[in-house]
Number of protein chains: 2
Amino acid sequence: MHQDPEQLFTYIRSISELSEESVEALGGVISPVEFRKGDYLLKEGEICAAIFFITKGYCRSVQYSDGSEINMDFYFENDFASNIRSLSQRTASGYAIQACEALRAIRIDRDKLLEAYKRSPQIEAFGRKLLEMMMARQEEHAGLFKLLDAAERYRWLQQHQPEMIRREPLTQLASYLGVSRETLSRIRAKK
Amino acid sequence: MHQDPEQLFTYIRSISELSEESVEALGGVISPVEFRKGDYLLKEGEICAAIFFITKGYCRSVQYSDGSEINMDFYFENDFASNIRSLSQRTASGYAIQACEALRAIRIDRDKLLEAYKRSPQIEAFGRKLLEMMMARQEEHAGLFKLLDAAERYRWLQQHQPEMIRREPLTQLASYLGVSRETLSRIRAKK
DNA sequence: GCCATTTTGTGATCTTTATCACAGGTACAA
DNA sequence: TTGTACCTGTGATAAAGATCACAAAATGGC
């Protein structure tokens with residue numbers, strides 16, 4: 001028996017109520033999945049049909065723009081990765097989600113989740129909570145570029161996402177912070 | 001009788017199901033409100049307790065950062081304005097929401113909405129849909145600064161939010177686009 | 001360990017954008 | 001109409017960051 005679903009249930013219990021019946025109902029919605037480094041959880045242009053709860057390893061959302069690739073976000077253990085826009089509006093995704101290392105995750109199927117909402121108010125509440133959390137994360141993020149310069153953004157990351165700095169090579173971080181790798185290297189050099 | 005609530009119901013019907021009972025239930029959740037130019041729908045540091053559906057006029061979310069103010073977003077007729085992060089986590093808002101002109105809106109009370117969720121699955125579905133829409137809006141937005149330079153962001157705005165360019169003075173737009181007003185003026189000048 | 005490959009550091013130069021300064025414009029009130 | 005306040009345009013200069021080029025360091029197979 002796979003232990004990863006239990007990690008998801010534990011996590012959900014930490015943010016909302018979850019009875020045994022709801023766990024039962026969620027069982028039909030989720031499935032453990034594995035990816036190798038470089039594999040895609042979601043490809044650019046696909047319609048996103050699931051939310052992934054990362055249990056081991058990490059991945060990135062990445063957008064390809066005239067030749068070069070730009071990292072939009074990173075998702076680590078206990079994060080939820082998805083393209084909510086594509087998921088809810090059933091439109092093609094503008095970016096891909098790709099494993100940066102060997103990755104284990106719990107796949108939460110969109111259609112089955114919508115079904116489960118009808119059967120369990122607790123699952124419904126979790127779904128809303130999930131959206132709120134993803135929204136909050138992005139709302140926090142959104143302001144960074146307008147408010148801070150390159151060095152300040154890096155310092156913000158040090159304080160708020162040290163995990164990212166520890167695990168991600170400089171070149172990838174630079175693309176995430178919206179600066180060239182040379183500039184980030186120089187920011188790091190001084191103090 | 002105030003006609004603005006009907007504008008909200010019409011809007012909700014355009015994105016999800018809404019029975020007469022649900023309209024009834026929503027009645028207890030919402031209230032029409034008015035603001036004068038410059039009034040605050042939400043002040044910096046307050047805990048956000050409502051979502052505002054704009055029926056007439058427009059407002060902005062604005063963050064104050066060492067002396068100067070920076071426009072985070074603008075909300076026009078049929079937009080929903082709120083700080084979801086503050087609303088759901090009951091934390092102090094990092095920004096204010098302020099009327100740019102005389103404003104009419106429907107105030108959707110957070111606590112009453114949470115109550116209504118329990119009574120009506122349709123309202124619950126609307127709540128989720130609402131979050132999804134706000135999320136999608138922000139997800140689209142978030143990439144702009146990483147992907148585009150100043151001139152490209154302005155052109156993006158021309159295509160996707162012409163309303164904003166028509167109604168908002170250059171100085172305000174510049175702060176929204178994350179450039180100085182001089183730079184935006186020069187972008188406008190050429191072509 | 002050793003080589004090939006990838007990643008990071010650093011200087012020189014170029015581009016974009018900010019900042020400063022000031023001049024026209026526009027709106028609105030007395 | 002005549003201010004007064006605010007908004008916009010434009011030049012000059014400064015600063016931040018990109019780009020190019022290459023060297024040093026780290027990493028991963030074998």
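All of these numbers come straight from a predicted model, not from anything done at the bench. Hydrogens, waters and symmetry mates play no part in the numbers below; they use all other heavy atoms, side chains included. Proteins come first, then strands; the chains are lettered A, B, ... in the order of their sequence lines, and each starts at number 1.
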Judged by modelled atom types alone, do B/S93 and B/N83 share a side-chain donor-acceptor pair under 3.5 Å?
yes
For [X] and [N], what is the distance between atoms [atom1] and [atom2] respectively, to the nearest whole Å?
{"X": "B/R186", "N": "D/dG11", "atom1": "CZ", "atom2": "P", "value": "8 Å"}
{"X": "B/R181", "N": "C/dC20", "atom1": "CZ", "atom2": "C1'", "value": "10 Å"}
{"X": "A/I165", "N": "C/dT8", "atom1": "CD1", "atom2": "C1'", "value": "16 Å"}
{"X": "B/R167", "N": "D/dC7", "atom1": "CZ", "atom2": "P", "value": "17 Å"}
{"X": "B/L184", "N": "D/dT10", "atom1": "CG", "atom2": "C1'", "value": "14 Å"}
{"X": "B/D149", "N": "C/dC14", "atom1": "CG", "atom2": "C1'", "value": "16 Å"}
{"X": "B/K190", "N": "C/dT15", "atom1": "NZ", "atom2": "P", "value": "13 Å"}
{"X": "A/R188", "N": "D/dA26", "atom1": "CZ", "atom2": "P", "value": "13 Å"}

Does C/dT19 have OP1 or OP2 sitting under 4.0 Å from an N or O in the side chain of B/S180?
no
Contact under 4.0 Å: B/T171 side-chain N or O vs D/dT8 OP1/OP2:
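Looking at the OP1 and OP2 atoms of D/dT8, one of them is under 4.0 Å from a side-chain N or O of B/T171.
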Please verify the inter-ring angle class for B/H141 with B/W156; under 30° counts as parallel, over 60° as perpendicular, anything in between as tilted.
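Plane angle over 60°, so perpendicular.
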Side chain of [X] (C-beta onward), nearest among [options]:
{"X": "A/P169", "options": "D/dG17, C/dT7, C/dA18", "answer": "C/dT7"}
{"X": "A/E182", "options": "C/dG9, D/dG11, D/dC20", "answer": "D/dC20"}
{"X": "B/L170", "options": "D/dG11, C/dT8, D/dG9", "answer": "D/dG9"}
{"X": "A/S185", "options": "D/dT8, C/dT10, D/dA18", "answer": "C/dT10"}

Looking at [X] and [Y], does any basic side-chain N land under 4.0 Å from a carboxylate oxygen?
{"X": "B/E101", "Y": "B/R60", "result": "no"}
{"X": "A/E115", "Y": "A/K118", "result": "yes"}
{"X": "B/R13", "Y": "B/E6", "result": "yes"}

